Structures are given as structure tokens and as C-alpha cells.
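Since the model is a prediction, treat every value here as computed from it, not as a measurement. Remember, it's 1-based here, ligands and their atoms both numbered in the order they're listed. Only this structure's heavy atoms are used, side chains among them; waters, hydrogens and symmetry mates stay out.
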Amino acid sequence: MYFNMAGLAQVVLTLYDYWFTVLPSTLLVYFLFQRYRHGLNRIPGPVIRSISPIPRIVSVLKGRSHEDDIRLHQKYGKIVRIAPNSFSISDPAEINQLYGLGTKFLKSPFYELSEAQDEEGIIPDTFIINDKELHTRMKKNAANAYSMNGLVQMEPLVEPVTERLVKKLEEYAVNGNAVDIGDMIANYTMDAVFALTFARDFDYMSHGDVLGIHRVMKVASWYMAVFGQIAWTHKFLLANPVVAGWVFGDGGQSQADMMAVANTEVQKGRNRVSEDGPMTFLQRLILNQRANPKSINDREVLAHAFGNITAGSDTTATAIRGILYHLLKTPEAYQKLVEEIRSANLALPVGFAEANRIEYLGAVIKEGMRLHPSVGMMLGRTVPSEGAVICGYKLPGGAEVGLNPWILHRNPAVFPNPDKFWPERWLSSVTSEEQLRLMNRSFLTFGHGAHTCSGRWISTMETTKLLPTLLRYYDMELDDGGRTYRFENFWFTMQKGLKVRLRKRVDLL
Ligand code: HEM
């Protein structure tokens, strides 16, 4: 033992004496290992990206990694090694292999960074669950709440929130001042998703971020985007409840207020006798539980309900802001949509079914969501243990791969002239059936396959109702040509500074 300790000390001292040789050679061996293991050096990409995750982290930290990734794909092709173990794909032909219903590619460790914990441990959230059985059961037990029929029952709950927004905007239409409609939309979508889930909201539109959810989401998405590049660090950071408590606080009064609202709604669901008439998301789940108690437990009911708030507010606001910005920037499209909406003579506030019949409105919404997807980083998946061939290259089990909606949506082979906001591209009178099929298959705003966004139709309903409501009431234009509008990409691509000027329509005065 004495001999070993002395020998070890001698080795350390020698290394210390020769650190200027030892350090560079160790780093060199590490870099070479990273670059060449499993023959990954054959996969196109900058050498610097293949030896260390740091260049990728720097790119993400700038909040514009989608721009770097587009340049990399333009230079290197359909598959790019963006970090030593991470591969970005831009070929729609690979969507099915990675995300299709029977895929063996599970969510990559990147997603673990969005785990939330309660006293019982990690809260079951379909967004991160890799256990297929649990994921399927959870999706199934809430499917009717997220379905079109479920939406019809929830729609009336959103009307008062829409009316409140119109009333708030009225003030600006009267005084002629520019309004940051982007901030208002963020608060609108928060109130709307609370209303349809719990039949109560916290009037974010009047009081701002009273529950602190916008702040938590901003910090959490920054953390996920940056530290998700080195996901192994998570267990030392926010996976540790002490660190998480220090960063986010314990939820305090806000959590108590939200639980009180949830408990009231659960009780209403339990007392409900009929399945007809307006019904909240939470009541729908309670009825599902009553019909089949084994299909969903109390913790899962609440996980779905609170998941709606975190997954469904900022994402929808980002989509609506993106659509509105591009629409106001493109006078021909704005004019055409306004004419179609006004000639449809829709009742106010606009109903989903009526608005959904306006084909050009659907095209505008889809085009806005294509050009500005609310998620701007790749939807990462892990290559299964036996490895896989992707874009003609063999990748080893454990590698991270994914398609980024932002990149695929700017692929000119799928969307000709991809940077142009051109809603007509989605009309069957303009684009061939075959091309439309490819475009629809490549539309990744809501993901694809088993993990497709559960709330897709909820956000579609909110957007489809809100846009024509605004355009029925007001003429709108960007303040200062939209110069204050900007956004950063930290997983979510949330914008700031969407300022508009409003004029109330003459026939409504
Ligand atoms: C325009 C608005 C929205 C966008 C762009 C969006 C986007 C996405 C995307 C891209 C995914 C898939 C992530 C992946 O595969 O890795 C996803 C999943 C999910 N979204 Fe959304 N979302 C939106 C609104 C909503 C709303 C309103 C809700 C709920 C009320 C919601 C709930 C969920 C849930 C629960 C998942 C996880 C589904 C699963 O993994 O099985 N989302 N969303």
C-alpha cells in the first residue's frame, strides 16, 4: 500500500512537471477519439463540431442556432454532425424512420431536462416519457379531451377571454397609440388555456405574469436548449431538487392558487351527471376516469391538465405572433384575407366551425406556422442499440439524431422559395397533389408520429378563432414597419416587440 501510494504520488508529480506535454497529448487523444470512434468521421460536418460539444453550445447560446444549422446543411448536405454525438437531418424521407408510429427511436436525453418533480418523483408527462406502454396509455386516456369533439365542448369557455382581449385593444384603437400586441397575445393564450382546462383563468391580460409561468418557461427553455447539448450535466443541476428550488422557488402561493382551481374543477367533474354541454378539459378527464378507473389515476389527470398550461400557452402565442407578423408584412396576403373574412360575414366573436371553412385563412395559418415554427431546434431521438442507416450513413446505437422544423421548412426542394410568406402554396388550386403531400408530410411544427403534439387542435382552434376576430374588428398595421420585432431561439422561438397600430372598422363604430 505504502509502495503504491508513493508510486502514485511519483506519477502525479511527473505529470505535473511535464503538464505542458501531457495536457495537449491527452486532449489530442480525446479529440481524435471523439472524431473517429465508430467511423463517425465519415459523416459530413465541420471538424471542430466533431471533437467537442463547445462550438455547438456557443452557437445555441447566441439564440440563433437555426441560422448556423441552415448554413451547415447548405454546405454539407442532408446529414450534418453538429456535435460529437449529435446529427442533424434535413431529409423528409427519414421522418418515418425517426418519428413514425412504430419507431424504435426514443426521445433523446435532451428531453430529460424538462422533467418536473413532485413528492412522488418525476411527474408523468407524455412529452418526455420513453416507456411506450405508459405513453400509449396516457395518450389514449386523454385522446377524447384533445379531439375535435372535446374542442367543441370547450370552445364556449374561450369566448369571454377573446372578448376581454378585444376590449383591451379597443383602448388603443381609440387613442391611436401603438400596442405591443405580442405581449397581449402571450397573456391571451395563457388565459385561454387556463379557461378551457379549468373554467377559470388568472386574468393575465390585466395583471401580467401573476403566477410566474412566463418567467419559469423562459428560464426552463433556455436551460433545456443550452444544457441539453450536454444532457449528462442535468443530474448535477435542475434534476437536483435543491438546485431546482433555488432557481424556481417552491411555487408558493401560485401553486396553491392553481391547485385550488384544479380541485374545484375535479369536484365539478365528479358531481357531473351529463356528458352534454360545455365541458372543461379537466372535467372530461374525470368522466373518463369514472367510466374506466384503471385507465387514468389522479396524478395523471393533474399532469395532463397542468401540462396544458406549460406546453400550450407560449407555443400558441409564438405561432399567432409569427402568423400576424408575416401577414402584416405581406400586404397582398393581408388584403386577400381581410376581404375573405369580411365577405364571409362571420358572427362575433368568431366561431371555430365557421372560420375553419375559410380556405385562405387555413392557408395563412399554416404558412405562418411553417415560416416561424414555435420550436426551432431538432426534435432529438436516440438511435436504437443495434444502430441505424440514416441518409446512407451507419450510425451507432446511442447517437442523437433529429430533424429541426425550422430547417426542414426552409428546404427549397419541399417548399420552393422557402423564405417567402406565400399562403397560396397550401392551396390545391396552386400546388400539385404530389407536392402538397410532400409539404404536409414535412410540416413538423407539431412534430410527427407517436409524440405528435397532443394540443395541436386546441392551438388551431384558438388561432382560427382569434385571427378573424381581430381582423373583423380592426384594420391593423405594423408600427414602424415592424422594426422592433425580433426573436431568439432557445428551443422555443419566442418573439418580442410585435407592435401594431389599430383602427376600428367603420361599420362597427
Ligand atoms: C402552436 C402551438 C403548439 C406548437 C407549435 C406545439 C409543438 C409541439 C411539438 C413540436 C411537440 C412534439 C415534440 C417532439 O416530438 O419532440 C409537441 C408535443 C406536445 N404538445 Fe404541443 N405545441 C403547441 C401547442 C400545444 C397545446 C395548446 C398543448 C396543450 C393544450 C400542447 C401539448 C403538447 C403535449 C402534451 C405534447 C407531448 C405529446 C407527446 O409527446 O406525446 N401543445 N408540441
Side-chain angles (χ1 to χ4, degrees), residues 95 98-101 103 105-114 123-132 134-143 145-147 150-151 154 158 185-186 188-190 192-198 217 221 224 228 280-282 284-285 300 303-323 365-366 368-382 400-406 408-409 443-464 466-467 491-494:
I95 290 177
L98 266 58
Y99 306 106
L101 287 178
T103 184
F105 289 65
L106 299 180
K107 288 223 165 183
S108 69
F110 175 85
Y111 288 87
E112 287 165 17
L113 278 75
S114 78
I123 297 172
D125 175 356
T126 50
F127 182 65
I128 50 167
I129 291 171
N130 263 333
D131 172 340
K132 284 212 167 183
L134 176 61
H135 182 259
T136 310
R137 183 170 62 75
M138 281 193 71
K139 284 284 255 205
K140 216 165 146 192
N141 65 32
Y146 286 116
S147 70
L151 281 185
M154 288 179 234
V158 180
I185 288 169
Y188 165 80
T189 54
M190 184 66 77
V193 78
F194 260 108
L196 61 85
T197 307
F198 302 106
M217 290 303 293
S221 69
M224 190 174 170
T280 58
F281 178 91
L282 195 43
R284 181 73 263 171
L285 293 193
E300 289 162 1
H304 276 304
F306 286 116
N308 282 2
I309 310 301
T310 48
S313 51
D314 286 332
T315 43
T316 307
T318 301
I320 297 174
R321 285 188 295 237
I323 297 162
I365 291 174
K366 205 147 183 197
M369 289 186 177
R370 174 192 75 81
L371 211 46
H372 192 111
S374 308
V375 168
M377 294 175 75
M378 76 182 195
L379 311 176
R381 299 294 189 264
T382 304
E400 185 188 43
V401 289
L403 285 101
N404 177 346
W406 204 283
L408 187 52
H409 292 180
F443 181 75
L444 274 195
T445 296
F446 293 102
H448 182 94
H451 280 282
T452 301
C453 175
S454 308
R456 174 175 192 160
W457 300 114
I458 292 184
S459 60
T460 304
M461 171 186 67
E462 285 178 33
T463 313
T464 309
L466 183 64
L467 270 182
W491 173 252
F492 291 134
T493 54
M494 286 188 243

Distance, nearest 0.5 Å, that separates CG of L403 from CD1 of I95: 5.5 Å
Main-chain N/O of M138 paired with H304 side-chain donor or acceptor, under 3.5 Å: yes
For ligand 1, the portion of T452 having any non-hydrogen atom under 4.0 Å away: backbone
Which residue and heavy atom of the protein sit nearest atom 24 (C) of ligand 1, plus the separation: T315 OG1, 3.4 Å
Distance filter under 4.0 Å to T126 heavy atoms, resulting ligand 1 atoms: 35 (C), 37 (C), 38 (C), 39 (C), 40 (O), 41 (O)
Shortest heavy-atom approach to atom 15 (O) of ligand 1 - which of M369, H372, R381: R381
Result of checking T445, N404, L371 against H409 for side-chain contact (heavy atoms from CB on, under 4.5 Å): T445
Shortest protein contact, atom 19 (C) of ligand 1 (heavy atom only): C453 CA, 3.5 Å
Part of K139 with heavy atoms under 4.0 Å of ligand 1, whether side chain, backbone, both or neither: side chain
Atoms in ligand 1 with a heavy atom of H135 nearer than 4.0 Å: 39 (C), 40 (O), 41 (O)
Numbering as shown, the atoms of ligand 1 that approach S374 to under 4.0 Å (heavy-atom distance): 5 (C)
G447 backbone acceptor or donor facing T452 side chain under 3.5 Å: no
Nearest neighbour in protein (non-hydrogen) for atom 36 (C) of ligand 1: S454 N, 4.0 Å
Contact partition for Y111 relative to ligand 1, non-hydrogen atoms under 4.0 Å: side chain
Ligand 1 to T445 polar contact by distance, N or O atoms, under 3.5 Å: no
Distance in Å, L408 CG paired with L444 CG, rounded so as to fall on 0.5 Å steps: 5.0 Å
Residue that, paired with Y146, satisfies ring-ring contact (aromatic ring centres under 6.0 Å, His included) out of F281, F446, W457: F281
Expected output: side-chain T493 to main-chain P373 donor-acceptor under 3.5 Å: yes
Ligand 1 atoms in contact with A319 (distance to a heavy atom under 4.0 Å): 1 (C)
Backbone or side-chain N or O of S459 under 3.5 Å from ligand 1 N or O: no
Part of I458 within contact of ligand 1 (heavy atoms, under 4.0 Å): side chain
Residue pair H451 / R381, side-chain heavy-atom distance below 4.5 Å: yes
M138 and ligand 1 - part of the residue with a heavy-atom distance under 4.0 Å: neither
Structural part of K107 in contact with ligand 1, heavy atom criterion under 4.0 angstrom: side chain
Within-4.5 Å side-chain heavy-atom neighbours: K107 and E112: no
Winner among M377, M461, H451 once heavy atoms are compared against atom 12 (C) of ligand 1: H451
For F127, atoms of ligand 1 separated by under 4.0 Å from a heavy atom: 13 (C), 37 (C), 40 (O)
Subset of ligand 1 atoms that lie under 4.0 Å from at least one heavy atom of G447: 10 (C)
Heavy-atom nearest neighbour in the protein, as seen from atom 26 (C) of ligand 1, with distance rounded to 0.1 Å: G312 CA, 3.3 Å
S374 backbone acceptor or donor facing T318 side chain under 3.5 Å: no
Heavy atoms of other groups near K132 NZ, more than 12 under 6.0 Å: yes
Atom pair CZ (F127) and CD1 (I129), whose distance is rounded to the nearest 0.5 Å: 12.0 Å
Result of checking T382, L379, L98 against V401 for side-chain contact (heavy atoms from CB on, under 4.5 Å): L98
Ligand 1 versus R456: contacting region, heavy-atom distance under 4.0 Å: neither
For atom 29 (C) of ligand 1, the protein heavy atom that lies nearest, with its residue and separation: N308 OD1, 3.6 Å
Ligand 1-proximal atoms of A311, by part, heavy-atom distance under 4.0 Å: both
Protein heavy-atom partner closest to atom 28 (C) of ligand 1 - residue, atom, separation in Å: G455 CA, 3.4 Å
Under 3.5 Å side-chain donor-acceptor pair for Y111 and D125: no
